[in-house]
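Each remark here refers to the structure printed beneath this line.
Every value quoted in this text rests on a predicted model; they were computed, and no experiment measured them. For ligands, and for the atoms within them, numbers begin at 1 and follow the listed sequence. What's counted below: heavy atoms across the whole structure, side chains too, no hydrogens, waters or symmetry copies.
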Amino acid sequence: MKWKGRRQSNNVDDRRGKGGAGQGIGGFNNPTLLAPLVKLLFSKVGLFIVGGFIIVSLVMGKNPLSLITQLLNAGVATETSAPYQPSAEDEELAQFSATILANTEDVWNKLLDNYREPTLVLFTGSVSSACGSASSATGPFYCPGDEKLYIDLSFFDEMERRLNAPGDFAQAYVIAHEVGHHIQKIMGTTDKMNRLRGQVSETEYNRYSVMLELQADFLAGVWAHHSQAMTKMMETGDLEEAMNAANAIGDDRLQKQSSGRVVPDSFTHGTSAQRMRWFKKGFDTGDLSQGDTFSATSL
Ligand SMILES: [Zn+2]
């Protein structure tokens, strides 16, 4: 992709190196911090300090344990806010992501009236969102509650190494897919889906979930179509990179990799073939009206 030197989005919330879900009490999981603390507590000095705390707390009318917890958390907070040093590679990925996000803004502002631009949150390790806290293992996701996309950039590395889906356009497809979920939120599709939860069987709900995911792939394709018309950013081999990624992250492929067997009823994203087909359909047509996966006779 010829992405360098283009506009980068301002809607990026860079939380890399800042922790997230792991803040506060979760800091106790940090073994390097815990060991010296335990040692200190059991030493004479420690007993003296704890005794001091209890007296101070009683004087201040506070629960001594909560005071100790507060102080420990203060220690944890300074520990995790040590300056984050991204590698040159990480920095390039961050700039790439901000550029692709800017490009999705340009495309969707053109296609939709009053487009509400989503925020991209970059994080490392864990993050809290309006949808709850998540770790990098969740993979990139979109939270309809706060209209933000969450990505730990190490996922791109994982795509390349573990899923065998390398390439910058494959990464752009992932971002565009999450933006696709944002388009679904704007169009009211996400709310419709939420109303279905609990009203239909799990198998049925999974079927709808596949339609939602395939539509996000279609919307990623629509983005690529218009992006190419506007910027000519794509190079030879880019489309194949996205198709290869869609192929690699199909439910059937992922299930086979993890459990060795495929259970279609539990699919929530669609098969590799379906994901490739809907992305391609969006890319070929660029026509939003072609993407109704919910009433398609066959997916
Ligand atoms: Zn998705």
Practice prompt. Return the name of the atom in Glu213, of element N, O or S, nearest to the Zn ion (ligand 1).
Written response: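 This turns out to be OE1.
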Discussion item. Before moving on, can you tell me the angle at the Zn ion (ligand 1) between the NE2 atom of His181 and the NE2 atom of His177, to the nearest 10 degrees?
Written reply: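 Rounding to the nearest 10 degrees gives 90°.
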Fill in: Glu178 backbone or side-chain N/O/S under 2.8 Å from the Zn ion (ligand 1)
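Checking the Zn ion (ligand 1) against Glu178, no N, O or S atom falls under 2.8 Å.
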Discussion item. Test your reading of the model: is there a side-chain donor-acceptor pair from Gln199 to the backbone of Arg195, 3.5 Å cut-off?
Written reply: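 Yes; at least one donor-acceptor contact below 3.5 Å.
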Discussion item. Determine whether Arg16 and Asp14 satisfy the following criterion, salt bridge (charged side-chain N to carboxylate O under 4.0 Å, His left out), listing intermediate values before the conclusion.
Written reply: CA-CA 6 Å; Arg16 290 176 298 161; Asp14 192 350; 2.8 Å; yes
Worksheet item: With under 30° as parallel and over 60° as perpendicular, where do the rings of Phe294 and Tyr208 fit, or are they tilted in between?
Response: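 Aromatic pair Phe294/Tyr208 classed parallel.
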Fill in: Criterion side chain to side chain contact (heavy atoms under 4.5 Å, CB included) on Gln255 and Phe267, from CA distance to verdict
CA-CA 9 Å; Gln255 274 193 4; Phe267 287 175; 3.6 Å; yes
